[in-house]
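What follows is a short report on a single structure.
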Amino acid sequence: MSAPVKVKDKYFKIFIENQKIEAHIHELCEKLKARYEGTEPVFLAILNGAFMFAADVFKHLEFDCEITFVKLASYEGVESSGEVRQLLGLEEGGLKGREVIILEDIVDTGKTLSEFIPLLQKQEPKSISLATLLYKPDALQYDLPIDFVGFEIPNKFVIGYGLDYDGFGRNYKDIYQLAE
Ligand code: 5GP
């Protein structure tokens, strides 16, 4: 059992140990294989948080598939006061006719993916599905195609296994939850 950790000014307690993460990823990969083997799908891992999850998923997939790492960047629009999102790391037209699976670390409100998916749809992929390691059903506010889930978790802040608190904590192999 791992001890609590302190990241910057906050304490976090162990929540999901790496062994359990690996077991769930193994199950998830079996489902991905059943659905996508033979279709040469392309996985899109969302940076930064999903890098560890994506690496573990990808090394368990023993069939022909590709992976690309993408980032959603925001910048202030010149005309509007709202935030404008753009997709970095993807070649124009690269997804046309492809089976696409988004790899995400966590779905919280779903806002990020609700902005990301329309940008992907412009490239006319054959299908888009979503595999997320963590999912907070109580926090979800957007309609999303959440097809593959590692763990459903309560609406509390977590770090580790790629997830950060203010840039730190991504390096822990287990997942920790903010201590009350
Ligand atoms: P959403 O757009 O679904 O509300 O949030 C998605 C993003 O918020 C995630 O990709 C992640 O970066 C961040 N996020 C949401 N919940 C958590 C959490 O519990 N811990 C951490 N570290 N990041 C979170």
Side-chain angles (χ1 to χ4, degrees), residues 2-18 20-22 24-25 28 32 42-58 67-77 80-90 95 100-122 128-180:
S2 310
V5 295
K6 184 172 186 228
V7 177
K8 302 196 98 179
D9 59 334
K10 297 206 187 311
Y11 286 92
F12 294 84
K13 60 188 179 193
I14 184 74
F15 181 50
I16 309 172
E17 294 198 37
N18 188 266
K20 201 166 168 190
I21 298 172
E22 288 207 344
H24 282 228
I25 286 179
L28 196 144
L32 289 170
V42 53
F43 289 84
L44 294 187
I46 304 189
L47 293 172
N48 294 322
F51 76 94
M52 213 177 272
F53 173 53
D56 279 346
V57 166
F58 208 58
I67 191 165
T68 298
F69 290 82
V70 294
K71 192 160 189 163
L72 256 191
S74 45
Y75 57 90
E76 292 300 318
S80 77
S81 56
E83 220 181 19
V84 181
R85 305 287 257 173
Q86 60 174 339
L87 197 56
L88 303 179
L90 208 56
L95 301 178
V100 174
I101 305 114
I102 301 165
L103 293 176
E104 177 63 304
D105 52 353
I106 186 163
V107 176
D108 185 37
T109 64
K111 184 171 190 292
T112 311
L113 287 166
S114 75
E115 291 172 350
F116 180 73
I117 290 172
L119 297 176
L120 292 185
Q121 277 164 341
K122 284 189 193 159
I128 299 175
S129 69
L130 167 62
T132 184
L133 177 66
L134 305 173
Y135 168 42
K136 294 178 178 171
D138 294 342
L140 192 71
Q141 293 175 19
Y142 295 81
D143 188 25
L144 290 177
I146 307 178
D147 306 274
F148 305 94
V149 175
F151 297 88
E152 286 195 8
I153 62 167
N155 193 4
K156 290 191 179 160
F157 192 76
V158 291
I159 60 157
Y161 196 74
L163 289 133
D164 73 309
Y165 165 52
D166 206 9
F168 289 81
R170 295 191 196 276
N171 45 317
Y172 292 105
K173 70 182 190 329
D174 304 310
I175 294 173
Y176 292 79
Q177 189 182 62
L178 184 63
E180 299 298 330

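All values below come from the heavy atoms of this structure, side chains included, with hydrogens, waters and symmetry mates left out. Counting starts at 1 for both ligands and their atoms, in listed order.
In terms of protein heavy atoms, atom 11 (C) of ligand 1 is closest to Ile106 CG2, 3.6 Å. Looking only at heavy atoms of the protein, atom 12 (O) of ligand 1 is closest to Asp105 OD2, 4.4 Å. Ranking the protein heavy atoms by distance from atom 4 (O) of ligand 1 puts Thr109 OG1, 2.4 Å first.
Atom CG of Asp143 sits in a sparse spot, with 12 or fewer heavy atoms from other residues, nucleotides or ligands closer than 6.0 Å.
For ligand 1, the polar-atom distance check finds an N/O of Val158 within less than 3.5 Å of one of the ligand's N/O atoms. Polar contact with ligand 1: present for Asp108 (N/O pair, distance under 3.5 Å).
Relative ring orientation between Tyr165 and Phe12 is described as tilted, the plane-to-plane angle lying within the 30° to 60° band. Note: Phe58 and Phe43 have perpendicular aromatic rings, judged against thresholds of 30 and 60 degrees for the angle between ring planes.
Contact between Gly110 and ligand 1 is present, with at least one heavy atom of the residue lying under 4.0 Å from the ligand. Within the structure, the closest approach of Tyr165 to ligand 1 does not fall below 4.0 Å when heavy atoms are considered. Close to ligand 1: Glu104, with a non-hydrogen atom less than 4.0 angstrom away.
No side-chain donor-acceptor contact under 3.5 Å links Asn18 and Tyr172. Side-chain polar atoms of Tyr161 and Asn171 form no donor-acceptor pair below 3.5 angstrom.
Atom CG of residue Asp105 and atom CG of residue Asn48 lie 9.5 Å apart, to the nearest 0.5 angstrom.
When heavy-atom distances to ligand 1 are checked against a 4.0 Å cut-off, Leu113 has no atom that comes that close, whether in backbone or side chain.
Using a 4.0 Å cut-off to heavy atoms of Lys111, the atoms of ligand 1 that qualify are 1 (P), 2 (O), 3 (O). The atoms of ligand 1 that sit less than 4.0 Å from any heavy atom of Lys156 are 19 (O). Each of the following atoms of ligand 1 lies closer than 4.0 Å to a heavy atom of Lys136: 16 (N), 17 (C), 18 (C), 19 (O).
Judged by distance alone, with hydrogens and angles left aside, the side-chain atoms of Asp138 form no donor-acceptor pair with the main-chain N or O of Asn155 at under 3.5 Å.
Considering Leu32, Ile146, Ile101 in turn, Ile101 is the only one that fulfils the side chain to side chain contact (heavy atoms under 4.5 Å, CB included) rule with Ser129.
For the residues Leu72, Thr112, Asp164, Val107, the heavy atom positioned nearest atom 7 (C) of ligand 1 is part of Thr112.
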Side chain to side chain contact (heavy atoms under 4.5 Å, CB included) evaluation trace for Asp108 with Tyr135: CA-CA 6 Å; Asp108 185 37; Tyr135 168 42; over 6 Å; no
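Within a 4.0 Å radius of atom 20 (N) of ligand 1, the protein contributes at least one heavy atom.
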